[in-house]
Q: 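Have a look at this one.
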Amino acid sequence: MTAIQALLGFAAWTALLVLGVFLYRGLRFVTGTPINHWPRGAKPSSDAAFVKRLEDAHANCLENLPVFAVIVLGAAATGRLDVISTLAPWVLYARIAQSLTHLTGVGQLHVLVRATFWSIQLGLMLWMLFKLLA
């Protein structure tokens with residue numbers, strides 16, 4: 001997998017997560033829930049716990065996708081994709097693992113595992129930046 005493919009995969013994963021939220025809300029809407037039931041920044045207590053975790057997993061992706069995109073696109077713009085080619089796919093793998101862990105629960109072990117996968121992503125992105133700036 002190339003760094004560009006990893007970036008596209010990250011974007012696709014982010015879109016897939018929000019698609020899950022969209023489908024849930026669409027089903028709720030067609031079964032009678034008012035369209036304005038989901039105000040920005042508020043999570044209705046009537047939403048399923050899984051959907052709340054899905055929204056959070058999507059938000060986590062949105063927090064990190066721009067940073068990863070700048071690193072990959074910066075490498076592409078400078079003709080240095082080869083410098084990050086072995087590391088970039090692992091950012092995507094760790095992101096997917098973090099999201100899947102998030103979707104399975106919010107207990108202490110879940111949070112520890114999720115934080116570990118996030119730390120891996122952060123470490124990889126910092127490593128790629130260091131390599132690009134060296």
Side-chain angles (χ1 to χ4, degrees):
M1 175 183 302
T2 68
I4 295 292
Q5 289 170 327
L7 176 58
L8 292 171
F10 199 129
W13 181 251
T14 304
L16 183 66
L17 292 173
V18 79
L19 178 63
V21 175
F22 176 75
L23 290 173
Y24 169 80
R25 289 180 179 178
L27 286 172
R28 292 277 312 268
F29 172 68
V30 298
T31 59
T33 302
I35 194 72
N36 62 350
H37 181 72
W38 300 276
R40 186 166 306 277
K43 294 182 182 180
S45 60
S46 62
D47 280 352
F50 178 80
V51 173
K52 293 175 186 176
R53 292 192 307 272
L54 188 60
E55 291 171 341
D56 288 343
H58 173 253
N60 288 159
C61 287
L62 290 177
E63 292 169 352
N64 291 283
L65 179 56
V67 177
F68 186 52
V70 167
I71 293 168
V72 173
L73 296 175
T78 58
R80 301 188 65 208
L81 280 170
D82 58 311
V83 172
I84 63 167
S85 64
T86 58
L87 298 174
W90 291 100
V91 174
L92 173 60
Y93 305 147
R95 167 52 55 188
I96 292 171
Q98 179 189 358
S99 296
L100 292 175
T101 303
H102 200 148
L103 295 177
T104 61
V106 292
Q108 287 185 354
L109 181 58
H110 290 97
V111 174
L112 176 63
V113 171
R114 196 170 78 222
T116 300
F117 285 124
W118 180 78
S119 298
I120 290 168
Q121 291 166 76
L122 180 61
L124 288 167
M125 288 190 285
L126 290 172
W127 189 3
M128 288 188 294
L129 276 172
F130 177 78
K131 289 178 73 165
L132 288 169
L133 295 172

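Numbers here simply count residues along the sequence, with the first being 1.
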Q: Measure across Leu87 and Lys131 and return the closest heavy-atom pair with its distance rounded to 0.1 Å.
A: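 Leu87 and Lys131 have their closest heavy atoms at CD1-CD, 3.9 Å.
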Q: Of Leu62, Asn64, Leu19, which is the lone residue that meets side chain to side chain contact (heavy atoms under 4.5 Å, CB included) with Thr14?
A: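 Answer after filtering Leu62, Asn64, Leu19: Leu62.
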Q: Could you state whether Leu16 and Val51 fall into the same hydrophobic cluster, counting links through intermediate Ile, Leu, Val, Met, Phe, Trp or Tyr residues with side-chain heavy atoms under 4.5 angstrom apart?
A: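 Looking at the clustering, Val51 is in a separate group from Leu16.
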Q: Minimum heavy-atom separation for Leu54 to Leu103, with atom names?
A: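 Here Leu54 and Leu103 meet closest at CA-CD2, 3.6 Å.
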Q: Please name the pair of heavy atoms, one in Ser99 and one in Trp13, separated by the smallest distance, quoted to 0.1 Å.
A: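 Nearest heavy atoms, Ser99 then Trp13: OG-NE1, 2.9 Å.
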Q: Let me see the working for Ile71 and Val67 under side chain to side chain contact (heavy atoms under 4.5 Å, CB included), right down to the final yes or no.
A: CA-CA 6 Å; Ile71 293 168; Val67 177; 4.1 Å; yes
Q: Rounded at 0.5 Å granularity, tell me how far CZ in Phe29 sits from OH in Tyr24.
A: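 Rounded to the nearest 0.5 Å, the CZ-OH separation comes to 14.5 Å.
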Q: Strictly by modelled atom types, are Gln121 and Arg95 linked by a side-chain donor-acceptor pair under 3.5 Å?
A: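 There is such a pair between these side chains.
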Q: A side-chain contact here means heavy atoms from C-beta on lying under 4.5 Å apart; do Leu100 and Ile96 qualify?
A: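 Of all side-chain heavy-atom pairs linking Ile96 with Leu100, at least one is under 4.5 Å.
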Q: Flag yes if Leu8 and Leu73 sit in one hydrophobic cluster, no otherwise; membership is Ile, Leu, Val, Met, Phe, Trp, Tyr, and two members link when side-chain heavy atoms are under 4.5 Å apart.
A: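 Per the 4.5 Å side-chain linkage, Leu8 and Leu73 are co-clustered.
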Q: Hey, does Trp118 have a side-chain heavy atom less than 4.5 Å from the side chain of Asn60?
A: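 No, side chains not in contact.
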Q: Just verifying a value: how many Å separate Ser119 OG and Leu112 CG, rounded to the nearest 0.5 Å?
A: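 Here the rounded value is 9.0 Å.
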Q: Linking I/L/V/M/F/W/Y whenever their side-chain heavy atoms sit closer than 4.5 Å, directly or via other members, would Val70 and Phe68 fall into one cluster?
A: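 No, it is not one cluster - the side chains of Val70 and Phe68 are not joined through contacts under 4.5 Å.
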Q: Go through Met128 and Val91 one step at a time and tell me if the side chain to side chain contact (heavy atoms under 4.5 Å, CB included) criterion holds.
A: CA-CA 10 Å; Met128 288 188 294; Val91 174; 3.7 Å; yes
Q: Rounded to the nearest 0.5 Å, how far does NE2 of His110 lie from CD of Gln98?
A: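 It comes to 13.5 Å.
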Q: Quick check on the hydrophobic clustering: are Leu65 and Leu17 connected, directly or via other members, by side-chain heavy-atom contacts under 4.5 Å?
A: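 In one cluster with Leu65: Leu17, yes.
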Q: If you take all heavy atoms of Arg114 and Val106, which pair is closest and at what distance?
A: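 It is NH1-CG1, 4.4 Å.
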Q: Over all heavy atoms of both residues, which pair between Ile120 and Ala94 is shortest? Give the atoms and the distance, please.
A: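 Smallest heavy-atom distance, with atoms named: CG2-CB, 3.9 Å.
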Q: Please give me the minimum heavy-atom distance between Ala6 and Leu92, naming the atom from each residue.
A: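 Heavy atoms of Ala6 and Leu92 come nearest at O-CD2, 3.9 Å.
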Q: Taking a hydrophobic cluster as the set of Ile, Leu, Val, Met, Phe, Trp and Tyr residues connected by side-chain heavy atoms closer than 4.5 Å, whether directly or through intermediates, do Trp127 and Leu129 fall within one such cluster?
A: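 Yes, because Trp127 and Leu129 connect within a single hydrophobic cluster, where side-chain heavy atoms sit under 4.5 Å apart.
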Q: With side chain to side chain contact (heavy atoms under 4.5 Å, CB included) as the test, would you mind laying out the steps for Leu7 and Thr2 before giving the verdict?
A: CA-CA 9 Å; Leu7 176 58; Thr2 68; over 6 Å; no
Q: Step through it carefully: locate the ring centre of Tyr93, locate the ring centre of Trp90, and say whether they are under 6.0 Å apart.
A: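 For Tyr93 and Trp90, the ring centres are under 6.0 Å apart.
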